[in-house]
Amino acid sequence: MTKTLGSIRQCVHNENMPVKVKLFASMREYLDLNETEIPIENIETVADVWQAIAGDKPMPENTLCAVNLEHTNEAAGISDGDEVAFFPPVTGG
Amino acid sequence: MTKTLGSIRQCVHNENMPVKVKLFASMREYLDLNETEIPIENIETVADVWQAIAGDKPMPENTLCAVNLEHTNEAAGISDGDEVAFFPPVTGG
Amino acid sequence: MALEICHHGFKPWQALQAHQDRMQPGSFGATATFVGTMRDFNEGDGVQSMTLEHYPGMTESQLQAIIDDAHQQWPLQDVLLIHRVGDIEPGEPIVLVACWSAHRAAAFEACRHLMEALKSRAPFWKKETLTNQSSRWVEKNTAGYSSH
Amino acid sequence: MALEICHHGFKPWQALQAHQDRMQPGSFGATATFVGTMRDFNEGDGVQSMTLEHYPGMTESQLQAIIDDAHQQWPLQDVLLIHRVGDIEPGEPIVLVACWSAHRAAAFEACRHLMEALKSRAPFWKKETLTNQSSRWVEKNTAGYSSH
């Protein structure tokens, strides 16, 4: 039984999609990173995604974030396969 | 002296220009009158002009008036040569 | 600045293009415009045509005063105002107001203000001929600053 | 309704004419439009060119949500929204928003609302190249609802 459970868990684990991360404008330059993927493991919130890609670099004041093309905040939960984006205040129009 | 004064008065009197009166839109139809001139004598205010052209016909509610192309009100004073207009609420645009 | 009382049909988007072609490119950042067009219905009735009467002389001076007032209140690069008079058919433009400014707040607010001032002060009067052939004067303009 | 992310120059007045030509004449009474144009100066510096970056996918969905929101709030006949991306030179249009409605209040207010919502929610970013060849990201948009 333990072995079976283990293999099921392994199987679910393999199906996990990575989290896609995108950076725009001055944020891309700040982290020198355009786009990347990170494993979902240990990622629960947007803030965790930031730490995974930025390490010690603090998140600049006024940073905006989006999950799956919707504006959200650092506390928002992340599921596998989500697309997370970080960017500065928007300046269109 | 009396004669001289009288002739001066007469002269000034002769120089008096009549008051030009214009009517627009439903006001023109109400009085069946487009444009007229009335002597300045006995005319002191816009209200007097109305009475001179309209007689017993009451001024419709919301009537607007203008003297020399500027919006004003019934109590405004009239000088000789003035152009006075009466019209309903404006509906341009 | 351009102000025109127009006795024939005009094309607002072409008028805007022509006016703007004479302006310095890059000098303005915001253009707010309004076009009023004759509808084929009003207050529940079908409208076949309309006659727009005005008070020659006073109309121009009131419009000029309204434009001067907007220039006093907002930093505007330019203003264009065209108003139709005479016989009009549904679908034809009645009025065009355009304001050019460096930033959008001034352009938007001045354009709105110009329209509201025009609607309350400029001596124009509309007479509608309905599809049933009766005719009537439009008695008052619709509300300006409320829509929700 | 039409929404376009434009990778090349566009002509706002021609776009308005073309869009309106497809609408029913006489069905609308009010058209409020806004055009944002690139200026050759910003914050006291001469600007030589600009690059407008966006977030493909999110930009479109945010703009669509903003338009849907306006349709919920105001009785609009139609909305046209075009936004430029890529390399832009002074004098070129950046954004066009147009709202058609029966009456002016809805058209004006929806047009203003769309621009403010676009400026605060739609993922676009401007990078300016100054006439001294240095470049900088525009850090924030100018204020929306204040101008006096």
Side-chain angles (χ1 to χ4, degrees), chain A residues 17-38 40 43 45-50 52-54 57-93, chain D residues 5-6 12 34-39 42-43 47 50-66 69 81-86 88 93-97 111-128 135-144:
Chain A
M17 306 266 290
V19 176
K20 196 170 191 174
V21 187
K22 294 186 173 185
L23 302 156
F24 293 96
S26 58
M27 188 64 71
R28 181 182 58 244
E29 295 176 356
Y30 177 65
L31 294 183
D32 194 19
L33 185 66
N34 175 29
E35 188 170 334
T36 189
E37 289 187 351
I38 57 170
I40 183 70
I43 298 292
T45 67
V46 168
D48 295 335
V49 176
W50 176 266
I53 60 163
K57 282 198 171 178
M59 189 186 290
E61 208 183 350
N62 296 329
T63 294
L64 299 178
C65 45
V67 174
N68 299 332
L69 313 184
E70 297 284 349
H71 290 284
T72 186
N73 57 55
E74 289 179 60
I78 299 294
S79 305
D80 71 311
D82 280 352
E83 176 169 311
V84 181
F86 297 96
F87 43 80
V90 300
T91 55
Chain D
I5 306 293
C6 199
F34 179 83
V35 178
T37 308
M38 189 186 154
R39 291 183 304 148
N42 191 23
E43 298 189 5
V47 183
M50 192 168 78
T51 301
L52 243 161
E53 181 175 338
H54 78 303
Y55 181 171
M58 181 169 176
T59 305
E60 292 83 345
S61 70
Q62 288 293 311
L63 291 175
Q64 186 61 61
I66 287 166
D69 181 49
L81 195 161
I82 301 177
H83 202 294
R84 179 81 182 274
V85 294
I88 305 180
I94 297 168
V95 62
L96 163 67
V97 171
C111 185
R112 183 80 193 263
H113 175 83
L114 281 164
M115 273 306 301
E116 300 306 324
L118 181 158
K119 288 241 171 199
S120 68
R121 290 167 52 187
F124 293 105
W125 302 273
K126 291 175 180 149
K127 190 173 199 173
E128 297 173 334
S135 69
R136 67 182 178 197
W137 290 100
V138 175
E139 293 200 349
K140 59 173 185 157
N141 271 326
T142 51

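Any value given below was found using the heavy atoms of this structure, including those in side chains, with hydrogens, waters and symmetry copies removed. In the text below, chain A, chain B and the rest are named by the order of the sequence lines, each starting its count at 1.
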Undergrad: Is it the side chain or the backbone of D/Glu139 that comes within 4.5 Å of chain A heavy atoms, both, or neither?
TA: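 Contact with chain A is through the backbone of D/Glu139 alone.
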Undergrad: Any idea which heavy atoms bring D/His54 and A/Phe24 closest together, and the distance?
TA: O-CE2, 3.6 Å
Undergrad: Picking from A/Asn62, A/Leu64, A/Thr91, A/Asn68, which has the most non-hydrogen pairs under 4.5 angstrom with chain D?
TA: A/Thr91
Undergrad: Test of understanding: with side chain to side chain contact (heavy atoms under 4.5 Å, CB included), list the residues that count as partners of D/Asn42, not counting sequence neighbours.
TA: D/Arg39, D/Val47, D/Glu128, D/Arg136, D/Val138
Undergrad: Any side-chain heavy atom of A/Arg28 sitting closer than 4.5 Å to one from D/Glu53?
TA: yes
Undergrad: Could you pull out all residues at least two apart from A/Leu31 that satisfy side chain to side chain contact (heavy atoms under 4.5 Å, CB included)?
TA: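 A/Leu31: side chain to side chain contact (heavy atoms under 4.5 Å, CB included) contacts with A/Leu23, A/Leu33, A/Trp50, A/Ile53, A/Ala54, A/Lys57.
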Undergrad: Among residues 78-85 of chain A, which residues come closer than 4.5 Å to chain D, judged by heavy atom distances?
TA: A/Glu83, A/Ala85
Undergrad: Heavy atom to heavy atom, less than 4.5 Å: which residues from residues 119-127 of chain D reach chain A?
TA: D/Lys119, D/Ser120, D/Arg121, D/Ala122, D/Pro123, D/Phe124, D/Trp125, D/Lys126, D/Lys127
Undergrad: Nearest 0.5 Å, please: how far is CD in D/Gln64 from CG in A/Leu69?
TA: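 Spacing of CG (A/Leu69) from CD (D/Gln64) equals 13.5 Å.
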Undergrad: Is chain D contacted by the side chain of A/Glu29, its backbone, both, or neither, given a heavy-atom distance below 4.5 Å?
TA: side chain
Undergrad: Are the side chains of D/Met58 and A/Glu70 in contact, using a 4.5 Å heavy-atom criterion?
TA: no
